[in-house]
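Quick caveat: nothing in here was measured; it's all calculated off a predicted structure. In what follows, chains carry the letters A, B, and so on, assigned in the order in which the sequence lines appear, proteins first and then strands, with residues in each chain numbered from 1. Quick note: numbers below take in every heavy atom, side chains included, and nothing from hydrogens, waters or symmetry partners.
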Protein chains: 2
Amino acid sequence: MRKVFLFMDTIINKVDAKGRVSLPSDYRAIVKDLESEIVCYRSLSLPCIEGCLEETLDKLATDIEDSTDFFSETQDNLTNLIFGDAKRFTFDSTGRIMLSEKLLKHADITDTAVFVGKGRKFQIWNPENWEKEEQRIRQEVLKNRPVLKKQKESE
Amino acid sequence: MRKVFLFMDTIINKVDAKGRVSLPSDYRAIVKDLESEIVCYRSLSLPCIEGCLEETLDKLATDIEDSTDFFSETQDNLTNLIFGDAKRFTFDSTGRIMLSEKLLKHADITDTAVFVGKGRKFQIWNPENWEKEEQRIRQEVLKNRPVLKKQKESE
DNA sequence: TTGAATCCCATAAAATACCATGTTATACCA
DNA sequence: TGGTATAACATGGTATTTTATGGGATTCAA
């Protein structure tokens, strides 16, 4: 069942007054291919929306089920935050999803959204915020370059 | 038999004078899809109602049957409480269930209820109480960041 | 027969599907 | 390779359906 799929690229799309955005066509192809659905939620650490396939979250739910017993409170907090925030977003015949007010507000998105591929996941950003974030990440990576190299060599 | 189903999102619905509440449509779709039923009971640790599919409780019962040593005596007692408390809630043609006085009282719900998805389970809260609980959880999770990270990576 | 539970109908609002158009990307052919 | 035909896509607008919710009628049991 493990099929190859990767959310990639960076795509800028308009958000209309109703909160509708075209899901990048590549993403749509993945959803159809795997017969899954898109699920989005507020990033826990960043001002952006995070998305993935429903089957990815389902796998997480199964892992939690299997690793803890029914009454365990260990993972209770986590499941509340993740599943309580996540929502299924199906796209219409023209390929658009309708983002909720809550998500748009969290990411400070008004009329334009940037889809950023992250492999098994993707993010949706306010364009200006993403630009800054990308800069930040690039610098971060450059700083840690030696460490990264050293780690790889030591393997 | 493992089909994908996830109780997600946070939905606020009115509770009328008769104690009727609309079950979120996504939840109804799951029930129909799996040809199961909704079961609710008082949370053992929190002032909220907890719900799941009847087949989820059935699975729990089977697990207990099959592996006596896995479940401690304490947990056996807990299951007694759950099964003693749990009740099936079917929804009418307009999609509403009728919560009992006992459950509403336990969760301190009067005219508004919040459904919070938890994956295989969900909770029903008094709005104000849920707001506080969500705050508490967010702080808790941020403190235990490493645990969260580990969990998220497993996606 | 009274109170409670269930069912059915009505309505407003919100979500979803559908249609039309300009634009961009892709395929095809000379 | 260059140019044109074709298909795919993003996006604005509109129509249709679904959903939540109030109210009333009917049924059932104590």
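Remark on DNA chain D: of its neighbouring residues Ile11(A) and Leu23(B), the 5'-side contact belongs to Ile11(A), judged by nearest-heavy-atom nucleotide. In terms of position along DNA chain D, the nucleotide closest to Lys14(A) lies nearer the 5' end than the nucleotide closest to the other residue of the pair Lys14(A) and Pro24(B).
Taking 4.0 Å as the cut-off between side-chain N and carboxylate O, Arg20(B) and Asp92(B) do not count as a salt-bridged pair. Between Asp9(B) and Arg88(A) there is no salt bridge, since none of the side-chain N atoms of the basic residue sits less than 4.0 Å from a carboxylate O of the acidic one. Lys121(A) and Glu50(A) are joined by a salt bridge, as a carboxylate oxygen and a charged side-chain nitrogen come within less than 4.0 angstrom of each other. Taking 4.0 Å as the cut-off between side-chain N and carboxylate O, Arg42(A) and Glu134(B) count as a salt-bridged pair. Between Lys132(A) and Glu128(A), none of the side-chain N atoms (NZ, or NE/NH1/NH2) sits under 4.0 Å from a carboxylate O, so this pair counts as no salt bridge.
On the nucleic acid side, DNA chain D has its first and last nucleotide under 4.0 Å of a heavy atom of chain B at dT19(D) to dG24(D), going 5' to 3'.
When rounded to the nearest whole Å, the span between CG of Asp16(B) and P of dA5(C) equals 12 Å. In this structure, Ile12(B) atom CD1 and dA14(C) atom P are separated by 14 Å, rounded to whole Å. To the nearest angstrom, P of dA14(C) lies 10 Å from CE of Met98(A). One atom, CZ of Phe91(B), and another, C1' of dC8(C), lie 16 Å apart when rounded to the nearest Å. Remark: C1' of dA15(C) and CZ of Arg88(A) are 15 Å apart, rounded to the nearest angstrom. Look at NZ on Lys18(A): it is 9 Å from C1' on dA15(C), rounded to the nearest Å. Put simply, NZ on Lys102(A) is 13 Å from P on dA15(C), counting in whole angstrom units. Separating the CG atom of Leu104(B) from the P atom of dA5(C) is a distance of 11 Å, rounded to the nearest angstrom.
Among all heavy-atom pairs drawn from Asn126(A) and Ala107(A), the shortest one is CB-O, 3.4 Å.
Ser25(A) comes within 4.0 angstrom of sugar-phosphate atoms only, judged by non-hydrogen atoms across all strands, and of no base.
Distance from the side chain of Thr94(A) is smallest to dC19(C) among dC19(C), dT16(C), dC8(C). In the set dC18(C), dC7(C), dA5(C), the nucleotide with an atom closest to the side chain of Arg20(B) is dC7(C).
Open room surrounds CZ on Arg138(A); 12 or fewer heavy atoms of other groups in view lie less than 6.0 Å from it.
The terminal axes of the helix from dT1(C)-dA30(D) to dA30(C)-dT1(D), fitted over 5 pairs per end, subtend an angle of 50° to the nearest 10°.
No hydrogens or angles considered: a donor-acceptor pair under 3.5 Å links the side chains of Arg120(B) and Thr62(A).
Ring centroid separation for the pair Tyr27(B) and Phe7(B) comes in under the 6.0 Å cut-off.
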